[in-house]
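All values below come from the heavy atoms of this structure, side chains included, with hydrogens, waters and symmetry mates left out.
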Amino acid sequence: MASLAHSNSTRPFLSGQHLKFFVAGGVIALAVAYLVTMGLQGTTVYFLTVSELQAKGPAAQNQVYRVSGNLVPGTLAKDSSGLGIQFLIADPSSAPLPVVYRGGQVPDIIGDNIEIVAEGKLDAHGTFTANNVLAKCPSRLENAPPEEHDYSAVGS
């Protein structure tokens, strides 16, 4: 009987073989978490108004942002090369922000008081260098009478 009890002795749970699997699994989990974190940091772009960007001050320089504001009337100017534009955008509680955009498609509806969303970086001189510019399309129903907003009535 003594030999039977001795042969049923249990091995510790974290023996050498089990420990290797836990360490390898932990390393893989940390590597995946690191790659996900780095991937999200590279694609995250903060959306701010002009006043929010200006409130950040020098801390906003050389980081990618999307900035929204209305085009200041009379400030839209095309480069002599025809490949870029320069303009100012602002919101009601901000100073105008100079924006420079080069080498891309310029929205057809860009004009005075149109809401602009520019994606790019703020430089040390306070100029926002955009690599993408979008213009909000004004809605034809914005000032329409209420009966035109009732889409269920269309086709009746």
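- Considering CG of Leu71 and CG of Leu76, their distance stands at 6.0 Å, rounded to 0.5 Å.
- Using a 4.5 Å heavy-atom cutoff, the side chains of Val64 and Lys121 are in contact.
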Output a table of donor-acceptor pairs, distance under 3.5 Å, between side-chain atoms of residues 107-114 and any protein atom two or more places apart or on a different chain; print 'none' if there are none.
{"residue": "Asp112", "atom": "OD1", "partner": "Gly74", "partner atom": "N", "Å": "3.2"}

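- Once rounded to the nearest 0.5 Å, the distance linking CD1 of Ile116 with CG of Asn70 reads 8.5 Å.
- The hydrophobic clustering, which links ILVMFWY residues whose side-chain heavy atoms are closer than 4.5 Å, places Leu48 and Val99 together.
- Using a distance-only test at 3.5 Å, with no hydrogens or angles considered, no donor-acceptor pair links the side chain of Gln86 to the main chain of Tyr101.
- Note: the hydrophobic cluster containing Val72 does not contain Leu122 (ILVMFWY, side chain heavy atoms under 4.5 Å, direct or indirect links).
- The main-chain N or O of Gly120 is never found under 3.5 Å from a side-chain atom of Asn132 such that the two would form a donor-acceptor pair.
- Annotation: the span from Leu53 atom CG to Arg66 atom CZ amounts to 14.5 Å, rounded to 0.5 Å.
- Looking at residues two or more places apart in sequence or on another chain, you find no salt bridge (Lys or Arg N to Asp or Glu O under 4.0 Å) involving Glu52.
- Side-chain atoms of Asn131 and Glu119 form no donor-acceptor pair, as typed in the model, at a separation below 3.5 Å.
- In this structure, CG in Asp91 is found 10.0 Å from CD in Glu115, a value given to the nearest 0.5 Å.
- There is no path of hydrophobic side-chain contacts, each under 4.5 Å, that joins Leu88 to Tyr65.
- Of the possible donor and acceptor atoms, none in the side chain of Ser94 sits under 3.5 Å from a partner among the backbone N and O of Ala90.
- Under the 4.5 Å side-chain heavy-atom criterion for ILVMFWY residues, a single connected hydrophobic cluster contains both Leu97 and Val106.
- In this structure, the side chains of Val67 and Phe128 come closer than 4.5 Å at one or more pairs of heavy atoms.
- With hydrogens and angles disregarded, no donor-acceptor distance shorter than 3.5 Å links the side chain of Ser68 to the backbone of Val117.
- Atom-to-atom distance recorded for Gln63:CD and Lys56:NZ is 7.0 Å, nearest 0.5 angstrom.
- Taking hydrophobic clusters as Ile, Leu, Val, Met, Phe, Trp and Tyr residues chained together by side-chain heavy-atom distances below 4.5 Å, Leu134 does not share a cluster with Val50.
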